[in-house]
Amino acid sequence: MGCKLYTVRKVLDAKYGNIVFLCLFGFIVRAVIFFVFYTHVTIFPDSEGYIELSDYVRNLNLSGYNGIRSPGYPLLLALAFGNLFMVVFYQQLLGVITSIVWYFTLQNFIFSKKESLVITVFLQTFLNIYFYETAILMESFVLFMISVIVYFLTRSGLSFLKLMLLSFLVGYLVFTKSFYVYFPFLIYIFYLIRNNQTRKEWFKGLVIFVFPVLFYFGWCYVNKINTGYFTSSTMMGIYMSQNCVRFAENTSEDYQWLAKPYVEYREKSIKEDRDLAMAIWYAYNSGAYGQYEMNLPDFSNQLKNYAVYTIKSNIWNYLSQVVFHSWRDFWKPGIHWNYKDFNFRHANKLFAGVWYVQFVVLLSFRLMFLFLSPYLILKAIKNRQFSYDVMLIIMILATSVLQALITYGSNSRFSFPFEYLMIVVVLMFFKERKIGLFNPIVVSKIKLF
């Protein structure tokens, strides 16, 4: 009997030991940070929109909603019945599950189980992951969704049912953040490239679009009923206008009623050392457009018309804004916390010091990713081999360009869910060429793997 129990335990340790370790590591680190240092739910201006929509969802009545947010993330808040500490618990639980997904995804690449474990633990040491989980922001949930989608994409062989599940995951990602509406197109192309490009595969792959189309246009229709605008978000015009902040005055006379207050509060933002990207919000919240008695969807629609005309009239200024500000900010690592709300005096300085070091590490990986991307893409074209690292590079670069074209402000939040993928691409490059810790001589000495 004792021999049988020993054998079962040995099998469990071999099969599930790493998963148990990741769970223990994830829960312990989160418990220490949350219960010892930062027992705090972080609320940002964007949080209010998610909380408001979660109340509509909880009441099972969307009538009259202004269409600012999509319901994917507020559904998570609704499941917490308005208890924000429960939301943080959900996000932390999803964070632990995400680490397990990373562990299996790394094995789908070129890493062994031991390497996958060490890399996953390394990825889980960055503070921004934990503090996003304590904030009422969608980033940690989006990270989970993208991690699961990438896991499915890197598995060999996708049956019809698995494609339907992948379609649902991508659809729910779009339901969470409509910006990702381009994702099903990318995934469809990836699917065709990695499978036999027969007529059967072409039609089979179209399943990927089923749920994204249903979720996206379904929510647009709800907004049409409530606001009169068939759009995934009634804030689209405000987002577009933020890219005009540096040339807001260069527009026609018809739009000067929008441009003059915008420019006034842009200059006030500069003098008061406020975030320049939020100047249009500063103007709106200060009542600069109050005389027109417009609700937010109507105001955003006017800004959309203004932004389209202004961008067309200032194309070079717009491209300069996109490249040197919006796109550049995508590559900056970010962390979201309330610096003054730590439980102990000087604890914030301790965490700030750790984050400073991690910021340099993350920035280094992001720059290495940018440096390697053209080389790996050109190599893939030359060898006609579409590997996983190229797939990830295209996904990340497409996201970086599209988000920069659409809006300006908090651009680092767009890159956070892809941060681990940037690191993985760099580590895959090192692994294939046996560089650094992947050098057999180094490995034999430090015995990490």
Engineer: Nearest 0.5 Å please: distance from the NZ atom of Lys379 over to the CD atom of Gln385.
Structural biologist: 8.0 Å
Engineer: How are the rings of Phe144 and Phe141 set relative to one another: parallel (under 30°), tilted (30 to 60°) or perpendicular (over 60°)?
Structural biologist: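 Geometry flag for Phe141 against Phe144: tilted rings.
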Engineer: Using the ring pair (Phe, Tyr, Trp, His ring centres under 6.0 Å) rule, pick out the option among Phe217, Phe203, Tyr188 that qualifies with Phe209.
Structural biologist: Tyr188
Engineer: Ring-plane angle category for Tyr132 and Phe416, please: parallel below 30°, perpendicular beyond 60°, tilted otherwise.
Structural biologist: tilted
Engineer: Evaluate the ring planes of Trp219 and Tyr65, with Trp represented by its six-membered ring, and classify them as parallel (under 30°), tilted (30 to 60°) or perpendicular (over 60°).
Structural biologist: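 Ring orientation, 0 to 90° scale: tilted.
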Engineer: Taking the six-membered ring for Trp, are the ring centroids of Phe109 and Tyr388 within less than 6.0 Å of each other?
Structural biologist: yes
Engineer: Aromatic rings Phe365 and Phe122: how do their planes relate, parallel, tilted or perpendicular, breaks at 30° and 60°?
Structural biologist: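 Correct class here is tilted.
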Engineer: Phe342 vs Trp337 aromatic rings, parallel, tilted or perpendicular, using cut-offs 30° and 60°?
Structural biologist: perpendicular
Engineer: Honestly, is Lys204 close enough over Tyr191, meaning NZ or CZ under 6.0 Å from the six-membered ring centre and within 45° of the axis?
Structural biologist: no
Engineer: Give a yes or no on this: more than 12 heavy atoms of other residues, nucleotides or ligands lie within 6.0 Å of atom OH of Tyr356.
Structural biologist: no
Engineer: Is there a donor-acceptor contact under 3.5 Å linking the side chains of Gln321 and Arg246?
Structural biologist: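 Short answer, yes.
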Engineer: Hey, is Asp389 close enough to Lys431 for a salt bridge, meaning N to O under 4.0 Å?
Structural biologist: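 Looking at Asp389 and Lys431, the cut-off is not met.
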Engineer: Do you know which of Tyr180, Phe179, Phe185 makes side-chain contact (heavy atoms from CB on, under 4.5 Å) with Phe183?
Structural biologist: Tyr180
Engineer: Are Glu419 and Asn128 close enough that a side-chain donor and a side-chain acceptor fall under 3.5 Å?
Structural biologist: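 Judged by distance alone, the side chains do pair up.
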Engineer: Tell me whether Ser112 contacts the main-chain N or O of Glu115 through its side chain, where contact means a donor paired with an acceptor under 3.5 Å.
Structural biologist: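 Checking the backbone N and O of Glu115 against the side chain of Ser112, a donor-acceptor pair under 3.5 Å is found.
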Engineer: Is the gap between the ring centers of Tyr318 and Phe247 under 6.0 Å?
Structural biologist: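 No, they do not, as the ring centres are separated by 6.0 Å or more.
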Engineer: Any salt bridge between Glu52 and Arg69, counting N to O under 4.0 Å?
Structural biologist: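 No.
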